[in-house]
Amino acid sequence: MGDVSLMLVHGPRVASASSGGGPPPRHTPDGYPHPTWRRVVGRGAHKTTLPALHDTDWNRRAELYTEICQTQALYAGFASRTAMNHRLLKHVPISFIRDIFVELSNATGFGAGEFREDELAAVAHDKVGCCDGREFFLERLVILIVHSTGDEQWGRDMAPRKVMTNVILRHHLLRELYRSASAYTLAVRGAH
């Protein structure tokens with residue numbers, strides 16, 4: 001038989017944080033109790049900065065995950081510098097929509113010259129509570145997509161304030177942006 005090595009663990013093995021499970025420690029390494037005002041974050045537990053409104057019940061969570069999967073499936077063929085991971089698509093920041101627009105515009109020519117550099121930069125540099133740059137960007141982007149698709153009702157449903165507060169609408173915006181850029185590319189290729 002081959003060599004066998006054993007590792008002996010001293011101390012409690014069941015339900016202790018050092019053995020890979022159990023509750024977080026109640027005392028600091030030097031023996032003092034953790035302050036009560038500070039939450040101890042256990043292994044793999046992270047406190048999010050944004051509330052996940054669609055995590056309130058299973059139906060809303062399933063709706064969000066369906067939207068995430070549809071967005072990922074649509075963008076799967078697009079070689080993007082920005083990864084479309086679950087964590088990012090769970091919240092879909094407006095600056096992410098801006099980045100995708102810039103990439104699609106560079107790749108297809110759709111919306112090229114529609115925004116100045118300072119207008120695009122204002123999306124990411126809005127202060128907390130000030131959302132004028134984001135609203136302006138969303139309003140102009142929706143108008144651009146409506147002119148491309150001709151769907152006026154879609155444009156009325158995508159008011160900037162509603163898009164900013166509803167992650168499902170942001171997914172719809174991302175998908176419609178991709179479809180409009182694809183249709184623009186096909187129209188340009190067909191004209192040549």
Side-chain angles (χ1 to χ4, degrees), residues 44-115 119-124 126 131 133-192:
H46 301 283
K47 189 174 181 180
T48 61
T49 56
L50 294 173
L53 300 176
H54 282 79
D55 277 346
T56 56
D57 63 9
W58 285 107
N59 291 334
R60 295 186 77 183
R61 184 177 294 168
E63 179 186 14
L64 177 61
Y65 279 64
T66 301
E67 296 292 330
I68 289 171
C69 290
Q70 289 174 357
T71 303
Q72 285 177 328
L74 187 65
Y75 278 90
F78 180 64
S80 175
R81 292 180 298 158
T82 308
M84 296 245 176
N85 60 26
H86 170 267
R87 179 174 276 180
L88 188 61
L89 290 177
K90 192 172 181 182
H91 298 288
V92 189
I94 306 302
S95 58
F96 175 72
I97 296 172
R98 183 229 23 222
D99 293 344
I100 293 298
F101 167 76
V102 169
E103 285 187 47
L104 282 170
S105 180
N106 290 338
T108 65
F110 176 74
E114 189 69 28
F115 296 97
E119 292 171 343
L120 291 172
V123 173
D126 272 351
C131 51
R134 292 183 187 118
E135 278 187 52
F136 176 75
F137 170 75
L138 288 173
E139 183 177 359
R140 295 260 310 270
L141 185 61
V142 168
I143 290 170
L144 179 67
I145 293 171
V146 166
H147 284 312
S148 172
T149 62
D151 189 358
E152 297 285 333
Q153 182 59 42
W154 183 85
R156 283 190 286 278
D157 294 340
M158 300 298 281
R161 286 277 181 189
K162 286 171 58 177
V163 172
M164 289 176 68
T165 58
N166 189 337
V167 70
I168 301 296
L169 291 180
R170 291 193 295 268
H171 277 280
H172 289 222
L173 179 65
L174 274 175
R175 290 197 301 271
E176 204 58 39
L177 172 62
Y178 184 85
R179 290 183 189 113
S180 297
S182 298
Y184 176 82
T185 303
L186 292 174
V188 169
R189 286 184 186 163
H192 286 53

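- Ion pairing of Arg175 with Glu67 is present here, as a side-chain N (NZ or NE/NH1/NH2) and a carboxylate O approach within less than 4.0 Å.
- The shortest heavy-atom contact between Ala181 and Thr108 is CB-OG1, 3.8 Å.
- When all heavy atoms of Lys90 and Val167 are compared, the pair lying nearest together is O-CG2, 3.5 Å.
- Annotation for Leu104 and Tyr75: closest pair CD1-OH, 3.7 Å, computed over non-hydrogen atoms.
- Note that CD1 of Ile145 is 13.0 Å distant from NE2 of His172, once rounded to the nearest 0.5 Å.
- A salt bridge is defined here as a Lys NZ or Arg NE, NH1 or NH2 lying under 4.0 Å from an Asp or Glu carboxylate O, and Glu176 with Arg179 meets this definition.
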Chi angles and distances behind the side-chain hydrogen bond (donor to acceptor under 3.5 Å, both in side chains) call for Asn59, Glu63: CA-CA 6 Å; Asn59 291 334; Glu63 179 186 14; over 6 Å; no
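- When Ile100, Val142, Thr71 are each tested for a side chain to side chain contact (heavy atoms under 4.5 Å, CB included) with Leu173, only one passes: Val142.
- Taking the six-membered ring where tryptophan is involved, the planes of Phe101 and Phe137 are perpendicular, since the angle between them exceeds 60° and thus also 30°.
- For the atom pair OH (Tyr178) and CZ (Phe110), the distance works out to 13.0 Å, reported to the nearest 0.5 Å.
- Put simply, the side chain of Ser148 never gets that close to the backbone of Leu144: no donor and acceptor are under 3.5 Å apart.
- Within the 4.5 Å cutoff, side-chain heavy atoms of Phe78 are placed close to those of Glu103.
- What you find for His86 and Ile68 is that their closest heavy atoms are CD2-CD1, 3.8 Å.
- Rounding to the nearest 0.5 angstrom, the gap separating the CZ atom in Arg98 from the CG atom in Leu141 is 12.0 Å.
- The line from CD1 of Ile94 to CG of Leu138 is 4.5 Å long, rounded to the nearest 0.5 Å.
- Judged by distance alone, the side chain of Arg170 and the main-chain N or O of His91 form a donor-acceptor pair under 3.5 Å.
- Rounded to the nearest 0.5 Å, atoms CD (Gln72) and CG (Asn85) are 8.0 Å apart.
- Judged by distance alone, the side chain of His171 and the main-chain N or O of Leu89 form a donor-acceptor pair under 3.5 Å.
- Nearest heavy atom pair, residue Gly155 against residue Val146, reads CA-CG2, 3.5 Å.
- Few gaps surround CZ on Arg61; more than 12 heavy atoms of other groups in view lie less than 6.0 Å from it.
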